[in-house]
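Just below is one structure, and these are the notes that go with it.
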Amino acid sequence: MSNFEFIPTVDQKENSNIFKFMKLCGISTLDELTKKANENLEWFWKEVDQYVGTVWDKPYLKVLDSSKGVSFPTWFVGGKTNIYKSSVEKFSKIHPDKVAYTFVSEDGKTSQITYLELDKKVCKLANSLKTLGVQKGDAVAIYLPMIEESILAILASAKIGAVQTVIFSGYSSESLQIRLQDCKAKILFVCDGFQRKGKGISQKKIIESATQNTAIEKIIVVPYKGIDIYEKSKNFLFYPDLVSSQSESCSTEITDSEDPLFILYTSGTTGKPKGVVHVHGGFSVFAGHQASFLIDTTENDVILWPADIGWITGLVWNVYGLLIQGASAVIYDGSLDFPNFNRIWDMLHEYSATIFGISPTAVRLFKKNNIQPLKLHSLDKIKNIPTTGEPLDEDSWRWLFEKVGNKKIPIMNLSGGTEIGGAMLSVFPGMKLKPSTVGIPCPGINLDVYDDDGNSVREKDGYLVIKSPWPAMTRGLLNDNKRYLQTYWSRFDNIWFHGDYVFVDSDGLWYMKGRADDVINVSGHRMSTAEIEHTAISNVNISDVASIAIPDEITGEAIILFVIPEKKIEQDLDVVISNYISEKIGKLAKPKFVFVLSDLPKTRTGKIMRRLLKAKLLGLELGDLSSLENPHVLDEISKLG
């Protein structure tokens with residue numbers, strides 16, 4: 001029997017963008033839309049393009065060309081566009097005085113910028129980049145925190161046809177250097193330091209070291225918190241000096257639909273990070289699709305989603321998708337729990353945010369500390385709560401649904417990836433929901449669930465695959481198409497293998513079960529890490545958990561748990577948790593070992609790096625550590641004898 005815990009109102013459904021889109025297309029249900037989109041991709045994406053209002057300098061001749069194979073399609077063939085024209089340039093004319101961004105720094109300083117002001121500042125920076133010799137196709141690297149100049153640098157690069165690469169400001173010197181070398185960036189944007197949890201963060205040594213043996217010609221320093229002192233030189237330029245005398249007018253470069261827009265790096269399990277390439281045409285349409293249909297963004301919305309622009313979520317919903325919809329965003333540069341846990345809830349209230357995005361990691365942090373947001377503020381302006389980054393366990397889903405949404409707001413759980421260009425699975429407005437579901441496949445992305453033999457399955461765990469191309473799929477991997485084909489196209493013939501393990505229930509709702517390489521096989525019984533972890537975290541003694549499999553002579557594989565205790569470590573916590581999982585799932589799921597850690601190894605975006613737990617425990621090569629935020633945690637793990 002179905003157990004829906006959220007039932008949408010008629011208003012929540014019928015006033016949504018996707019319902020209005022379906023009405024225009026003469027379609028009444030999401031299932032019908034998905035079916036028609038999958039059967040006729042060109043029809044669907046042409047309709048989406050028209051609905052989100054992409055500005056084309058020259059109309060495309062054909063929506064999709066797969067003549068080079070399904071792994072190397074071209075979209076909106078022959079079309080000329082620039083994503084800047086479909087976003088800032090458009091809305092600076094439609095509503096010039098509307099606030100595009102509110103910036104809030106950790107120390108409480110705020111600023112706002114309207115669409116017209118944004119356009120003028122982008123033009124000044126675009127002209128500045130041209131004076132430095134930046135041309136169409138050149139790579140511009142952005143190593144900045146979440147500040148105004150970060151957005152300006154992204155948009156100015158796009159405007160002149162340069163290719164931006166945003167590199168998370170918390171990355172190490174080695175991580176920064178690898179990315180600069182791989183994309184051959186000519187320009188690097190940095191700042192003079194920032195703050196996290198009240199402490200000054202210096203980047204000077206990182207930058208000086210990372211730029212050695214790279215193609216960087218100029219480093220542009222943005223004044224921010226004054227922690228680092230730079231001397232103006234041939235190589236180091238100061239942002240205010242650079243833009244002060246430039247014109248507020250700059251023509252937007254006309255780019256081909258398939259011209260690169262940005263490179264974003266995602267860590268691989270081994271070797272160097274993968275350079276994912278997105279292009280102007282496909283990403284313009286897809287970012288509009290994501291912002292409009294998935295989280296229901298309109299011109300009247302204010303988004304507060306603390307997702308860094310060094311992550312695809314930040315680029316889709318805090319930059320391009322947001323601006324294509326002509327909406328507003330609050331950009332916060334700081335820690336969510338500083339100076340206290342009230343910070344984010346106060347901001348939601350103060351700026352009347354209507355869409356609140358949050359990661360599962362952050363949800364667990366607030367839940368662990370027993371935060372009661374609705375006792376601080378009513379939060380009645382919020383209409384949607386998107387979340388992504390890690391599988392969302394049922395307890396965390398319920399906390400978000402009850403403690404933030406007051407059981408009235410849909411949890412728009414979604415899942416995708418850098419290579420996808422955003423989300424491929426999502427909850428949509430008007431859907432009935434069960435805890436932790438990631439909804440359904442996004443219309444226009446032809447998903448399926450395969451077993452080991454490539455058979456389509458339902459109501460049993462399987463591999464997430466994509467059977468058709470979509471506009472924002474990565475255009476190979478930068479400098480490494482052999483790796484691209486091996487990673488995504490080698491498991492099944494002409495099928496994109498994403499590496500996720502998923503489950504579809506009898507009502508057609510999808511659930512993330514972890515990465516495919518995180519599936520544990522104990523005595524022939526396959527279990528996902530997500531199932532084991534969701535069970536463990538439901539124990540009151542546990543605030544976070546990760547599970548892995550290690551080889552076992554008797555059972556084939558054995559389950560290992562790494563747990564973060566809720567409070568003071570309980571005596572024999574390992575025994576308590578082992579027995580708890582055995583009772584809840586069955587004796588086959590009983591962990592062989594339970595290790596207590598102070599934290600789990602995570603990326604800067606909150607993803608748990610389970611492969612490092614396994615490698616450390618087994619004494620294997622750790623591989624790429626460039627995206628790891630807290631490497632010291634690995635020191636708490638001893639190699640198994």
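Values reported hereafter were calculated over all heavy atoms of this structure, with side chains retained and with hydrogens, waters and symmetry mates removed. Computed from a prediction, not measured in an experiment: that's the story for all the values here. Index from 1, following the sequence.
- Within the 4.5 Å cutoff, the side chain of Glu217 has no heavy atoms near those of the Asn235 side chain.
- Looking at Lys80, Lys136, His280 one by one, the single match for side-chain hydrogen bond (donor to acceptor under 3.5 Å, both in side chains) with Asp259 turns out to be Lys136.
- Rounded to the nearest 0.5 angstrom, Ile309 CD1 and Ile142 CD1 are separated by 6.5 Å.
- Side-chain contact between Phe262 and Val279: absent, with no pair of heavy atoms (C-beta onward) separated by less than 4.5 Å.
- Taking CG of Leu152 as the start and CG of Leu144 as the end, the distance is 10.0 Å to the nearest 0.5 Å.
- Annotation: the span from Ser328 atom OG to Asp301 atom CG amounts to 9.0 Å, rounded to 0.5 Å.
- Separation of the Phe76 and Trp56 ring centroids falls under the 6.0 Å cut-off.
- Aromatic rings of Trp496 and Trp470 (six-membered ring for Trp) have centroids within the 6.0 Å cut-off, being under it.
- In this structure, Trp75 has its ring center at least 6.0 angstrom away from the ring center of Phe286.
- Residues Tyr101 and Tyr115 keep their aromatic ring centres 6.0 Å or farther apart.
- Both tests do not hold together for Lys232 against Phe238: distance to the six-membered ring centre under 6.0 Å, angle to the ring axis within 45°.
- For the pair Tyr239/Glu149, a side-chain contact is recorded, criterion being any heavy-atom separation below 4.5 Å from C-beta on.
- Using the six-membered ring where Trp is involved, Trp45 and His289 have ring planes that are tilted, between 30° and 60° apart.
- Tested against Phe293 for a ring-ring contact (aromatic ring centres under 6.0 Å, His included), the candidates Phe44, Tyr51, Phe428 yield a single pass: Tyr51.
- Between Leu414 and Ile295 there is a side-chain heavy-atom pair separated by less than 4.5 Å.
- Within the 4.5 Å cutoff, the side chain of Gln203 has heavy atoms near those of the Phe194 side chain.
- In this structure, the separation between CG on Leu477 and CD1 on Ile263 is 11.0 Å, given to the nearest 0.5 Å.
- Atom-to-atom distance recorded for Tyr332:OH and Ser105:OG is 8.0 Å, nearest 0.5 angstrom.
- The distance between the ring centers of Phe168 and Tyr143 does not fall below 6.0 angstrom.
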